[in-house]
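Worksheet for the structure shown next.
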Amino acid sequence: MSRNPGVITADGPGAWLIKGNADRTDLRERFARNPRVDRWCVQRSYRLDLMEAGQPVLFWGSGSRFRDVAYGIWGWGTLSGPARPEADGHGWWVPLDLTIADPSAWVPRQALRAHPELAGLEVLRQPQAANPSFVTKRQLDVLRREFLESGRLSVLSRHD
């Protein structure tokens with residue numbers, strides 16, 4: 001990791017964080033039908049060149065201002081391969097092996113903001129930043145320790 005917290009270097013992040021916006025799509029209903037996510041759209045940047053199969057990835061639900069959907073970490077998995085352009089040439093996506101947890105197991109934004117080590121997550125500091133975001137290795141270790149042991153995000157154990 002470089003000294004600039006917004007730049008990721010070749011040693012990579014602890015995990016990638018992909019974002020979904022419940023104002024654009026009914027994510028809660030979609031994930032209730034099928035919690036498996038095998039691909040997600042991302043924005044072209046240097047970060048896509050650093051994405052590799054097997055790297056951890058978190059799913060951030062941006063919630064909704066119009067519905068009762070909580071912001072926070074909704075799921076966990078791994079990248080299945082590098083980022084790829086859409087077939088039509090408009091946009092990019094990443095292949096995933098990711099599961100969205102039951103809503104009762106989501107890690108809410110408030111819990112992350114209140115945590116002394118997780119309050120600095122890029123998604124909290126720069127919520128409008130492009131997709132993907134990242135989690136440092138230290139932050140990932142804290143997430144595993146704090147939220148696996150508390151029973152939140154039970155899907156975490158499938159991808160360790």
Side-chain angles (χ1 to χ4, degrees), residues 1-2 4-103 105-109 112-113 118 120-137 139-140 143 147 152-156 158-160:
M1 193 69 60
S2 78
N4 179 344
V7 176
I8 305 166
T9 60
D11 74 351
W16 296 104
L17 186 141
I18 58 170
K19 299 182 266 186
N21 184 331
D23 286 336
R24 295 187 180 167
T25 304
D26 187 351
L27 295 178
R28 188 174 207 142
E29 190 275 329
R30 185 258 191 241
F31 295 139
R33 274 186 291 114
N34 181 7
R36 299 288 304 144
V37 181
D38 62 5
R39 66 179 278 159
W40 204 258
C41 62
V42 289
Q43 307 235 324
R44 183 71 187 130
S45 76
Y46 78 95
R47 293 177 180 195
L48 300 189
D49 296 330
L50 301 173
M51 298 178 103
E52 299 176 359
Q55 291 175 322
V57 62
L58 302 167
F59 187 93
W60 177 268
S62 65
S64 173
R65 294 182 184 106
F66 308 109
R67 287 174 262 166
D68 186 23
V69 180
Y71 286 63
I73 297 173
W74 293 7
W76 179 287
T78 56
L79 290 175
S80 299
R84 300 169 184 170
E86 291 287 354
D88 66 5
H90 293 96
W92 287 76
W93 62 279
V94 289
L96 301 169
D97 178 12
L98 185 138
T99 302
I100 300 297
D102 182 83
W106 295 350
V107 180
R109 178 176 58 179
L112 299 168
R113 279 188 174 155
L118 300 176
L121 286 167
E122 183 184 43
V123 73
L124 298 175
R125 289 184 291 108
Q126 299 177 354
Q128 300 301 322
N131 199 11
S133 183
F134 71 94
V135 173
T136 67
K137 291 176 182 176
Q139 291 166 336
L140 180 62
L143 283 165
F147 295 102
R152 288 230 183 244
L153 281 180
S154 58
V155 296
L156 288 172
R158 283 195 278 226
H159 297 285
D160 283 343

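Numbers here simply count residues along the sequence, with the first being 1. In this text the structure is predicted, and so the values were computed from the model without any measurement.
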Intermediate values then yes/no, side-chain contact (heavy atoms from CB on, under 4.5 Å), Trp106 and Ile100: CA-CA 9 Å; Trp106 295 350; Ile100 300 297; 3.9 Å; yes
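- Judged purely by atom type and a 3.5 angstrom limit, Gln139 uses its side chain to pair as donor or acceptor with the backbone of Thr136.
- The aromatic rings of Trp74 and Phe59 sit tilted, their planes meeting at an angle between 30° and 60°.
- With sequence neighbours left out, Glu86 forms a side chain to side chain contact (heavy atoms under 4.5 Å, CB included) with Arg39, Asp88, Trp93.
- Applying the side-chain hydrogen bond (donor to acceptor under 3.5 Å, both in side chains) rule to Arg44 yields the partners Asp49; only residues at least two apart in sequence or on another chain are considered.
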I'd like to know whether Leu48 forms a side-chain contact (heavy atoms from CB on, under 4.5 Å) with Trp92, so could you lay out the CA-CA distance, the side-chain angles of the two residues, the decisive distance to 0.1 Å, and finally the verdict. CA-CA 9 Å; Leu48 300 189; Trp92 287 76; 3.9 Å; yes
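- To the nearest 0.5 Å, atoms CG (Leu96) and CH2 (Trp40) are separated by 9.0 Å.
- Every residue was checked against the side chain to side chain contact (heavy atoms under 4.5 Å, CB included) condition with Asp38, not counting sequence neighbours, and none meets it.
- Residues that satisfy the side chain to side chain contact (heavy atoms under 4.5 Å, CB included) test with Ala32, not counting sequence neighbours, are absent from this structure.
- A pairwise comparison of heavy atoms in Leu140 and Ala15 identifies CD1-CB, 4.1 Å as the closest pair.
- Considering only heavy atoms from C-beta on, Pro132 comes within 4.5 Å of Met51 through its side chain.
- The ring-ring contact (aromatic ring centres under 6.0 Å, His included) search around Tyr71 returns none, not counting sequence neighbours.
- Contact check for Trp76 versus Leu98: no side-chain heavy atoms found under the 4.5 Å cut-off.
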Let me see the working for Leu17 and Leu121 under side-chain contact (heavy atoms from CB on, under 4.5 Å), right down to the final yes or no. CA-CA 10 Å; Leu17 186 141; Leu121 286 167; 5.7 Å; no
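- Ser133 is listed as a side-chain neighbour of Glu122, based on a closest heavy-atom distance under 4.5 Å.
- Between the CG atom of Leu58 and the CZ atom of Phe134 there is a distance of 12.5 Å, given to the nearest 0.5 Å.
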Pair Arg36-Phe31, side-chain contact (heavy atoms from CB on, under 4.5 Å): steps then yes or no: CA-CA 7 Å; Arg36 299 288 304 144; Phe31 295 139; over 6 Å; no
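- Between Ala22 and Ser62, the shortest heavy-atom contact is N-OG, 3.7 Å.
- The heavy-atom pair separating Arg28 from Pro103 by the smallest distance is NH2-CB, 3.4 Å.
- Arg109 is listed as a side-chain neighbour of Leu124, based on a closest heavy-atom distance under 4.5 Å.
- With hydrogens and angles ignored, the 3.5 Å screen pairs a side-chain donor or acceptor of Asn131 with a backbone N or O of Lys19.
- Evaluation of the side chain to side chain contact (heavy atoms under 4.5 Å, CB included) rule for Glu52 yields Gln55 as partners, not counting sequence neighbours.
- Note that CG of Leu79 is 11.0 Å distant from CG of Leu50, once rounded to the nearest 0.5 Å.
- Remark: Leu112 CG to Leu143 CG distance equals 6.5 Å, nearest 0.5 Å.
- Considering all non-hydrogen atoms of both residues, Pro95 and Gly81 come closest at CG-N, 3.5 Å.
- Side-chain atoms of Thr25 do not come within 3.5 Å of backbone N or O of Leu27 as any donor-acceptor pair.
- Contacts of Glu29 classified as side-chain hydrogen bond (donor to acceptor under 3.5 Å, both in side chains), with partners at least two apart in sequence or in another chain: Arg33.
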